[in-house]
Amino acid sequence: MQPTRPRGIRRLLRLPAGKRPIAREIDDEIAFHFDETVAELVAQGLTPDDARREAAKRFGDLSQVRRDLRQIDSMSDRQERRQDRVGALAHDARYAVRALIKDRRVALFVIFTLMLGIGANATMFGIVDRLLLRPPPHVSDDPLLTTIYIRRESRDFGVFFGRSMSYPGYAALRDQSGVFSDVAAYWSTVASLGRGPNAVKVNAGLATANFFPMLGVRAELGRFFAPDEDRRNNPKPPAVLSHGFWARQFGSDPQILGREIQVNQAVYTIVGVAPAGFNGAGLYPTDMWIPMHAAAAEYTNATFDTYYDMRPDVAAARATATYQRVTRDARKSDSASSMLLASMVPARGVEGLSGVLTGKSGSGSLSARVSAWLSIVAAILLAIACANVANLLLLRAARRRREIAMRLALGISRARLAVQLLLESTILAALGGLAALALVPAATRLCARRSSAYWTSPPAS
Amino acid sequence: MPTSASNEPLELLQGTLDVLILKTLTWGPMHGYGVAHWIRQRTADALRIDDGALYTALHRLEHREWVQSEWGVTEQNRRAKFYSLTKQGRSALVQRTQQWTRYTTAVARVLRPA
C-alpha cells in the first residue's frame, strides 16, 4: 500500500485548490468496492452473476447512496475551500506583519503620522460635537432660542463680541414689549457651601426664574424657581441642585427637598433637583442654581451674562436701539466706560447648550468659532498626513520591486499579491487608528483646559 | 459480543456504525471495502450493515474531520481511496466507547434477572 498525498502537498505548498471531481471519485470508489466484493464472493464459489447480485444486495440502494455521498462531499469541499481561504488570509497577515517589522522605521513613522492626523480630527470633532452639534439633554430644541451677542467697538480694543451686559441693560430689554417673547439672564459663579472647615467650593449658576421654562427643562425632583421667588430681599430663597451634585454630595437622598443649605452669606432652601445631564448654560459643570435676584445682594457690581430671546428676526434692530439708549444712560454715570457703540447680534441657540454659530452675521461665540476653524485645520492636517503616508508607502513599494518581481516569478497570483499589500496598509491604518484612540482623551482634556482658560472663561467684571 | 436468541441479524442502533468504523480504522489506513470486510468478519454477520450505509458514514465522518482520505494503491496495484483516523477521530472514539460502555452497563443492570 503506497498512498500518494496530492492534497497534502498542495496544502503544504499553498497551491490554489482546483475543483475536485467529486462525482468521479465517488463512482471510482463504489466501482472498486463492487469489484472487490464480487472477487471475494467468486473466490467463495459463487458464479459471477450470483456474486454481482449478492454484492448489489449487500450494498443497498445504490442511487440513493450515490446522491447522499455527492451531497456530503460537496459540503466537505466547500468547507475545505473556506478553511483554505481563511488559512491563506492568516498566512498573508503573518507575512504582512513580518514585512512591516522588517521595515519598522517606516511603519512606525506611518503609524505616528496617522495617529496625529486621526487623533487631531477625532479630538476636534468631539469638541465641535459637544459645542455645536449635539442637542443637550432635557432641553427643548427650539429653533427660535437665541443667544444675544453684543458687538462693541472700543477705542482700546477695536471691534469685539461679548455676551455679557449690565443688569439695567437686561432689565430694559426684558421690559421692552413686542420685541422679545421672553428674555432670561444667566451667570456662572463660584460659591462656598457650608461654613467653617466643612465648607466646600461649588459652581453655582445664577438664573432668572424664566430661564428654565425657556429651555423647556423639567425638574427631576421638586421644581425650579417660581417667578415671585426671583426677587430682592427674599427671606427664604430657593436653590436647585444639579443631578450630579445631588448624587455626590447628598447621596441621591430622596428626602432632600426642603433642606436648608448655607451658600455664601445666605441660607437657601432646596426646592428641586435638575435632571441628569442638564448643566444650565456654559461649559462649566454646575452644582446648583440659585435665583439671580436672591444673589444680587452679593453681586451688586457684576454684569450679567447671556440673554436668550425667542423672536430674533424682528428683534435685533429694536433691541439694539434699546440697548444703546440704556448704555448711553449708564455711561453718563460711568465715565470710565470706553464703549463707543454697541449693537445687538442674535445667534442661534444657547452657548454651551447647542449651536451658536451664525454664518451671516459672523458672530457666534469665540470658542465655537475657534473650534470650527480648528476642525478645518485638523482636516487639512489629516490630508497632509495621508499625503505623507502615501508618499512613504510609494517609496517603500519602489524599493520592493525586486521582491515583488521575484514573488510573481514564483507564481503568486496578482490578486493574492494585491491582497497582501492591502493587508499591510490595513494593518498600518488600524494601528494608526488605535494609537489615535489612545491619544484622543488626553488631547480632549488638554483642549478643554486651554479653551476654558482662554475663551470660555467669563469676562472679568 | 452477546449472541442473539435467533439467528436473524440485528438492526444497528443509531450512531453505532460510526464507532465501529472508527475502531476499525485504529488498525491503520483502510479502504471502504476493507472496513466493510473487517466489520463483517468481526461481528460474524450478527449485525445487518448495508455497504452503502457504511460509505455514507465514512464520508460523513470525513466531513466532520474524524477521518481523512487519500487516494492510494492496493497490494493488487489497484487505485483505491484509503481512510485513516485523525486526532479528533481518535479522541471521539475514546469518548464514544466510554458512552457505549456506560449505556450497555446501565441497560444490562435493568435487564438482569433479579
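Below, chains carry the letters A, B, ... as their sequence lines are ordered, and counting in each starts from 1.
Nearest heavy atoms, B:Lys81 versus A:Asp73: NZ-OD2, 4.2 Å. Counting all heavy atoms, side chain and backbone alike, A:Leu69 lies closest to B:Tyr55 at CD2-O, 3.5 Å. When all heavy atoms of B:Trp71 and A:Asp28 are compared, the closest pair comes out as CH2-CB, 3.7 Å. Across A:Ile72 and B:His59, no two heavy atoms sit closer than the pair CG2-O, 3.4 Å.
Taking chain A as the reference chain and counting heavy-atom pairs below 4.5 Å, the highest number among B:Arg64, B:Glu65, B:Gln76 is found for B:Glu65. Counting heavy-atom pairs under 4.5 Å between each of A:Ile30, A:Asp68, A:Asp35 and chain B puts A:Asp35 at the top.
Contact residues of residues 39-50 of chain A toward chain B are A:Glu40 (heavy-atom distance under 4.5 Å).
Taking CD from A:Gln64 and CG from B:Asp50, the interatomic distance works out to 12.0 Å, rounded to the nearest 0.5 Å. Taking CG of B:Asp51 as the reference point, atom CD of A:Glu36 lies at 12.5 Å (rounded to 0.5 Å). For the atom pair CZ of A:Arg66 and OG1 of B:Thr56, the computed distance is 12.5 Å after rounding to the nearest 0.5 Å. For the atom pair CZ of B:Arg60 and CD of A:Gln71, the computed distance is 8.5 Å after rounding to the nearest 0.5 Å.
The environment of OH in A:Tyr95 is crowded: more than 12 heavy-atom neighbours from other residues, nucleotides or ligands sit within 6.0 Å. Other residues, nucleotides and ligands place more than 12 heavy atoms under 6.0 Å from the CE atom of A:Met75.
At a 4.5 Å heavy-atom cutoff, the contact between B:Arg40 and chain A is made by side-chain atoms alone. Of the two parts of A:Gln79, only the side chain, counted from C-beta on, holds a non-hydrogen atom closer than 4.5 Å to a non-hydrogen atom of chain B.
For the side chain to side chain contact (heavy atoms under 4.5 Å, CB included) test, residues two or more places apart in sequence or in another chain that qualify with B:Ala80 are A:Phe32, B:His31, B:Thr74, B:Phe82.
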